[in-house]
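Because the structure is a prediction, the values reported are computed rather than measured.
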Amino acid sequence: MNWSQLISNKRLGQEEVHLERRDDRTEFNRDYDRLIFSAPFRRLQNKTQVFPLPGSVFVHNRLTHSLEVASVGRSLGNDVARQLISIHPELASTHISEIGTIVSTACLAHDMGNPPFGHSGEEAIATYFTEGPGIKYRSMLTDEQWADITHFDGNANAFRLLTHQFKGRRKGGFVLTYSTLASIVKYPFPATKAKKQKFGYFQQEKEVYQRIASELGLLSADTSVGMRHPLVYLVEAADDICYEIMDIEDAHKLKILSFEETRDLMLGFVPRENHQRIFDHSVDVTDRNELIVYYRSCAIGALERECVRVFIENEESILAGTFQGSLINHTCPLVRDAYERCSKVAFSRIYKSREVVDIELAGYKIISTLIEHFTEAVMSPDHAYSRMLLNRISSQYEVDAPDVYQRLMAVLDFLSGMTDVFALDLYRKINGQSLASV
């Protein structure tokens with residue numbers, strides 16, 4: 001791979017179109033703006049990040065998480081771009097300086113394909129077909145199609161959301177640049193090669209992915225498996241940094257972790273000889289939540305600097321497609337060990353906490369019920385109850401498609417686009433637990 005080919009402002013769906021622009025925004029700035037103002041991005045405000053949607057104490061949802069990931073991603077991208085230009089002066093005349101914008105935009109998009117209730121929603125969709133009534137559709141689908149729905153994954157669904165031509169939508173979906181789209185494909189292979197459910201694109205988007213990958217020089221000898229776009233490592237690092245560190249901060253707000261525990265976890269990223277300087281800088285801050293905010297910024301700063309260093313030092317292997325693991329896996333022992341401590345605490349004290357497990361249980365039940373009802377409806381559209389249910393589905397989804405796979409995918413498109421609140425409300429109505437006001 002080479003940077004001149006990897007950073008392309010060619011747009012999906014407008015490859016042969018020359019547009020006259022009336023402002024000074026770059027094509028990558030336009031990508032960012034299109035996502036910020038899109039309905040699917042706004043819906044992230046009502047999708048759970050880890051904890052149940054906020055009550056009296058505000059914690060992160062998918063929207064605030066995505067905005068924070070985009071901010072860290074911009075810093076990572078800008079710092080990497082500056083160093084690449086310093087190392088390779090010949091790149092100064094290319095789009096390399098736009099890396100920060102591209103990474104930030106991809107960060108905005110990275111969770112847009114997630115169904116309601118996060119991973120429990122993904123699992124409910126997949127297991128409906130492997131363990132539930134949906135197993136009866138196996139004989140109606142090819143191996144590739146069956147792999148798509150039984151490994152349903154928010155990563156692949158984000159690529160679909162941004163590129164698929166739904167009814168009434170223009171060719172190319174969001175019509176984003178090739179580089180932005182490639183930067184969100186964390187797993188550049190189809191579901192048939194999925195590892196632990198993760199994959200990059202559904203069969204319906206296979207041709208689109210391969211066209212983008214070919215243009216950017218990402219296809220390997222095995223054309224069914226591409227190479228990661230180098231900027232994916234920066235998007236992944238921004239996400240890893242934010243969800244781990246911000247979940248620790250949320251746990252402190254909810255009193256799952258004490259102030260002392262949280263402080264020690266955050267300061268674990270900073271050499272001990274620098275701790276006194278940090279304490280001196282915050283001596284006038286008396287609010288403990290504000291102190292945690294300051295310590296959190298120190299942790300994120302340390303992680304960001306280390307990830308930039310790892311990326312630059314491993315540029316050759318990243319471009320060769322041989323780099324293994326994440327950037328955080330290769331950080332210095334101090335930072336890596338501190339991150340692992342945060343991960344262990346998060347797993348044992350946060351992700352297994354009663355509040356989190358309760359929302360996962362509820363989400364699993366809600367999505368399992370909805371997918372069963374709407375799948376039956378698209379497969380038996382002439383039934384009276386089916387007709388009522390189908391009236392709830394937006395016309396952009398192809399519920400009347402001629403083949404089973406497309407109809408099932410239309411249901412998954414509909415479900416994954418829901419917010420947690422909408423899914424809960426529809427679940428209650430279907431079960432006769434709530435009625436619209438009259």
Worked check of salt bridge (charged side-chain N to carboxylate O under 4.0 Å, His left out) between Lys344 and Glu340: CA-CA 6 Å; Lys344 288 178 181 177; Glu340 289 177 358; 5.5 Å; no
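- With Thr163 contributing its side chain and Phe159 its backbone, the two residues share a donor-acceptor pair below 3.5 Å.
- Salt bridge Asp153/Lys198: present, at least one basic N to carboxylate O contact under 4.0 Å.
- Ring orientation note: the planes of Phe199 and His151 are nearly perpendicular, at an angle over 60° on the 30°/60° scale.
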N/O donor to acceptor pairs below 3.5 angstrom from side-chain atoms of residues 265-273, sequence neighbours left out:
none

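- With hydrogens and angles ignored, the 3.5 Å screen pairs a side-chain donor or acceptor of Glu122 with a backbone N or O of Gly154.
- Contact of the Pro116 side chain with the Ile367 side chain is registered, since non-hydrogen atoms from C-beta on lie closer than 4.5 Å.
- In terms of modelled atom types and a separation under 3.5 Å, the side chain of Lys47 and the main chain of Asn61 share no donor-acceptor contact.
- Scanning both residues, Ala238 and Cys107, for their nearest heavy atoms gives CB-SG, 3.9 Å.
- Nearest heavy-atom pair, Val232 versus Ala182, reported as atom, atom and distance to 0.1 Å: CG2-O, 3.5 Å.
- Counting heavy atoms of neighbouring residues, nucleotides and ligands inside a 6.0 Å radius, atom CD of Gln324 does not exceed 12 of them.
- No side-chain donor-acceptor contact under 3.5 Å links Thr177 and Asn9.
- Rounded to the nearest 0.5 Å, atoms CZ (Arg30) and OG1 (Thr101) are 13.0 Å apart.
- In this structure, Glu306 and Cys332 have side chains that are in contact, with non-hydrogen atoms separated by less than 4.5 Å.
- In this structure, Tyr339 contributes its side chain and Asp240 its backbone to a donor-acceptor pair below 3.5 Å.
- Two residues are said to be in side-chain contact when any heavy atoms from C-beta on lie closer than 4.5 Å; Val175 and Arg34 meet this criterion.
- Gln204 and His164 share no side-chain donor-acceptor pair at under 3.5 Å.
- When all heavy atoms of Glu244 and Ser343 are compared, the closest pair comes out as OE1-OG, 2.9 Å.
- Of all heavy-atom pairs between Leu141 and Ile149, the closest is CD1-CD1, 3.5 Å.
- Taking CD of Glu249 as the start and SG of Cys242 as the end, the distance is 11.0 Å to the nearest 0.5 Å.
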Intermediate values then yes/no, side-chain contact (heavy atoms from CB on, under 4.5 Å), Leu424 and Ile366: CA-CA 7 Å; Leu424 174 59; Ile366 290 167; 3.7 Å; yes
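- Here the CZ atom belonging to Arg263 is positioned 13.0 Å from the CG atom belonging to Leu257, to the nearest 0.5 angstrom.
- In this structure, OG1 on Thr419 lies 12.5 Å from CG on Leu63, to the nearest 0.5 angstrom.
- Residue His330 places its NE2 atom among more than 12 non-hydrogen atoms of other residues, nucleotides or ligands, all under 6.0 Å distant.
- Although no hydrogens or angles enter the test, the distance criterion places no donor-acceptor pair under 3.5 Å between the side chain of Ser86 and the main chain of Arg82.
- By the 6.0 Å contact criterion, CD on Gln276 is enclosed, its count of non-hydrogen atoms from other residues, nucleotides or ligands being greater than 12.
- Using a distance-only test at 3.5 Å, with no hydrogens or angles considered, no donor-acceptor pair links the side chain of Glu68 to the main chain of His65.
- Taken to the nearest 0.5 Å, the CZ atom of Phe414 stands 6.5 Å off from the CZ atom of Arg392.
- Taking all atoms of both residues into account, the shortest heavy-atom contact from Gln203 to Asp148 is N-OD2, 2.8 Å.
- For Tyr397, the ring-ring contact (aromatic ring centres under 6.0 Å, His included) partners two or more places apart in sequence, or in a different chain, are Phe166.
- Ion pairing between Arg160 and Asp413 holds under the 4.0 Å rule for side-chain N and carboxylate O.
- Using a 4.0 Å cut-off between charged side-chain N and carboxylate O, Arg341 and Asp264 make no salt bridge.
- Within the 4.5 Å cutoff, side-chain heavy atoms of His229 are placed close to those of Leu6.
- Ring planes of Phe311 and Trp3: tilted class, angle from 30 to 60°.
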Arg228 and Leu218: CA distance, side-chain angles, deciding distance, side-chain contact (heavy atoms from CB on, under 4.5 Å) verdict: CA-CA 7 Å; Arg228 268 189 172 190; Leu218 301 175; over 6 Å; no
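- Tested against Arg62 for a side chain to side chain donor-acceptor pair (under 3.5 Å), the candidates Asn46, Asp420, Asp111 yield a single pass: Asp111.
- Between Glu313 and Arg309 a salt bridge is recorded (basic side-chain N to carboxylate O distance below 4.0 Å).
- One distance of note links CG of Leu91 with OG of Ser4; it measures 5.5 Å at 0.5 Å rounding.
- Inter-residue side-chain proximity for Pro190 and Phe202 is flagged as unmet; no heavy-atom pair is nearer than 4.5 Å.
- When every heavy atom of Gly321 is checked against every heavy atom of Met1, the shortest pair comes out as N-CE, 4.0 Å.
- Under the 4.0 Å criterion applied to side-chain N and carboxylate O atoms, Arg74 and Glu304 are not assigned as salt-bridge partners.
- With sequence neighbours excluded, no residue forms a side chain to side chain donor-acceptor pair (under 3.5 Å) with Glu360.
- Between Glu215 and Lys10, at least one side-chain nitrogen of the basic residue sits less than 4.0 Å from a carboxylate oxygen of the acidic one, meeting the salt-bridge criterion.
- Aromatic pair Phe28/His95: centroids less than 6.0 angstrom apart.
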Steps toward side-chain contact (heavy atoms from CB on, under 4.5 Å) verdict (Leu234, Ile99): CA-CA 10 Å; Leu234 300 179; Ile99 284 180; 4.3 Å; yes
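- Put simply, the side chain of Thr180 never gets that close to the backbone of Leu176: no donor and acceptor are under 3.5 Å apart.
- Ring centers of Phe323 and Tyr233: under 6.0 Å apart, within the cut-off.
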Audit row: Leu327, Leu76, side-chain contact (heavy atoms from CB on, under 4.5 Å) steps and yes/no: CA-CA 11 Å; Leu327 297 180; Leu76 287 165; 5.9 Å; no
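- Ser8 contributes no side-chain N or O that, together with a main-chain N or O of Gln5, makes up a donor-acceptor pair within less than 3.5 Å.
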Residue pair Glu144, Lys206: steps toward the salt bridge (charged side-chain N to carboxylate O under 4.0 Å, His left out) verdict: CA-CA 11 Å; Glu144 293 78 11; Lys206 178 179 179 180; over 6 Å; no
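- Using a 4.5 Å heavy-atom threshold, the side chains of Tyr427 and Ser368 count as separate.
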